[in-house]
Amino acid sequence: MPEDSRSGERTAMVETQIAARGVRNPRVLEVMRKVPRHLFVPPLYQGAAYRDSPLPIGHGQTISQPYIVGLMTELLDVSPGDRVLEVGAGSGYQAAILAELGAHVITIERLPEVAGLARENLQRAGVVGVQVIVGDGTEGYPPGAPYKAILITAGTPEIPDPLLSQLDEGGRLVAPVGSRDIQELIRLEKSGGHITRSTFGGVVFVPLLGRHGWEA
């Protein structure tokens, strides 16, 4: 991963925006200090890359607030070698965080232009271990299943059935579930063929579009 002059900003971001709000996993905090978030935002917004807010990346999409990225990553609880499916590649930043934790990441993006952007950003940041696919993320990606972890990075009315079927035994799925305007962050855990559900507060994401999500 390339050296840069903004490591101090990342350290401050982690300490004041992420750790201070309760994210405790040391591996997550370490990786978020390492990955150059400013390489995953458009040039116009690079000066604001480490602020406590989401930012537009074009095509009606956003890069999530750093705290939300940290929280969702901690809830997903990936281990090195885990196969992870991300629904909604966006700028590629979340996939980069997961890959730097040692996961093998498949990320699906509906918009070809955004998928291309994610590939460029990941390459520029020197991130390996991420496969970017263009398609309907609500269908999952059966060739890579089953997955130890699935992350949905857009607001969905409910968890798409194909994603539940592709979640491995002992796996976790994290997603914002609710209306188009506001959602609740949830985690599903599969154990013994049963699904347990936990909730982690309100969030706001762009809507998940697709066959098993919202209509475009």
Side-chain angles (χ1 to χ4, degrees), residues 18 21-25 27-28 31-32 54 62 64-90 93-99 101-110 130-131 133 135-215:
I18 302 171
R21 294 182 187 172
V23 175
R24 293 287 181 261
N25 186 313
R27 295 177 59 240
V28 173
V31 165
M32 294 195 73
T62 61
S64 294
Q65 174 189 13
Y67 165 68
I68 293 297
V69 173
L71 174 60
M72 294 177 78
T73 303
E74 182 172 66
L75 294 176
L76 209 60
D77 193 24
V78 301
S79 297
D82 280 355
R83 186 178 294 275
V84 178
L85 177 67
E86 180 189 30
V87 178
Y93 178 65
Q94 176 71 78
I97 295 292
L98 295 170
L101 287 168
H104 302 293
V105 184
I106 295 174
T107 183
I108 306 180
E109 175 54 52
R110 183 178 64 90
V130 178
Q131 181 180 2
I133 294 171
D136 182 353
T138 70
E139 299 276 11
Y141 187 67
Y147 302 97
K148 274 298 181 183
I150 297 176
L151 183 65
I152 304 177
T153 62
T156 179
E158 57 188 19
I159 302 300
D161 288 337
L163 298 183
L164 287 175
S165 69
Q166 292 171 38
L167 185 64
D168 201 0
E169 172 67 19
R172 298 156 302 283
L173 185 152
V174 174
V177 179
S179 70
R180 278 180 174 262
D181 300 318
I182 190 168
Q183 304 89 36
E184 189 168 47
L185 189 61
I186 71 163
R187 179 176 61 193
L188 304 182
E189 299 175 84
K190 181 183 282 189
S191 179
H194 299 285
I195 298 289
T196 58
R197 174 172 173 150
S198 306
T199 60
F200 299 90
V203 290
V204 177
F205 279 77
V206 297
L208 178 68
L209 304 181
R211 182 179 176 188
H212 301 278
W214 296 103
E215 293 183 2

Side chain Thr199, main chain Ile186, donor-acceptor under 3.5 Å: no

Glu139 to Gln166 - nearest heavy-atom pair and separation: O-NE2, 3.0 Å

If you round to the nearest 0.5 Å, how far is CG of Leu71 from CG of Leu76? 11.0 Å

Is any side-chain heavy atom of Leu98 closer than 4.5 Å to one of Thr107? no

Closest contact, heavy atoms only, Leu209 versus Asp136: O-OD1, 4.1 Å

Can you tell if the side chain of Val174 reaches within under 4.5 Å of the side chain of Phe200, non-hydrogen atoms only? no

Taking all heavy atoms of Pro207 and all of Trp214, pick out the closest pair and write down the distance. CB-CD1, 3.8 Å

All heavy atoms of Gly70 vs all of Ile18, minimum pair found to be CA-CG2, 4.4 Å

Minimum heavy-atom separation for Glu109 to Gly90, with atom names? OE1-N, 3.1 Å

Just how far is it from atom CD of Gln131 to atom NE2 of His104, taken to the nearest 0.5 Å? 12.0 Å

Nearest 0.5 Å, please: how far is CD1 in Ile106 from CD in Glu86? 11.5 Å

Is the closest side-chain heavy-atom distance between Pro176 and Glu184 below 4.5 Å? no

Euclidean distance, Leu208 CG relative to Arg180 CZ, rounded to 0.5 Å: 10.0 Å

Got Leu188 and Leu164 here, is their nearest side-chain heavy-atom distance under 4.5 Å? yes

Does CD in Glu169 sit with more than 12 non-hydrogen atoms of other residues, nucleotides or ligands closer than 6.0 Å? yes

Glu74 (side chain) donor-acceptor with Asn25 (main chain) under 3.5 angstrom: yes

Pairwise side-chain contact, Met32 with Ile97, heavy-atom cut-off 4.5 Å (strictly under): yes

Does either side chain, that of Thr156 or that of Gln183, offer a donor lying less than 3.5 Å from an acceptor on the other one? no

Is the closest side-chain heavy-atom distance between Asp168 and Tyr147 below 4.5 Å? no

Closest heavy-atom contact between Leu101 and Arg27? O-NH2, 2.7 Å

First locate atom CG of Leu167, then atom CZ of Arg172, and finally report the distance between them rounded to the nearest 0.5 Å. 8.5 Å

Close side-chain approach of Phe205 to Ser64, heavy-atom, < 4.5 Å: yes

Is there side-chain contact between Leu173 and Lys190, with at least one heavy-atom pair below 4.5 Å? no

Salt bridge (charged side-chain N to carboxylate O under 4.0 Å, His left out) filter on Arg83, not counting sequence neighbours, yields none

dist Asp77:CG -> Lys148:NZ (nearest 0.5 Å) comes out at 11.5 Å

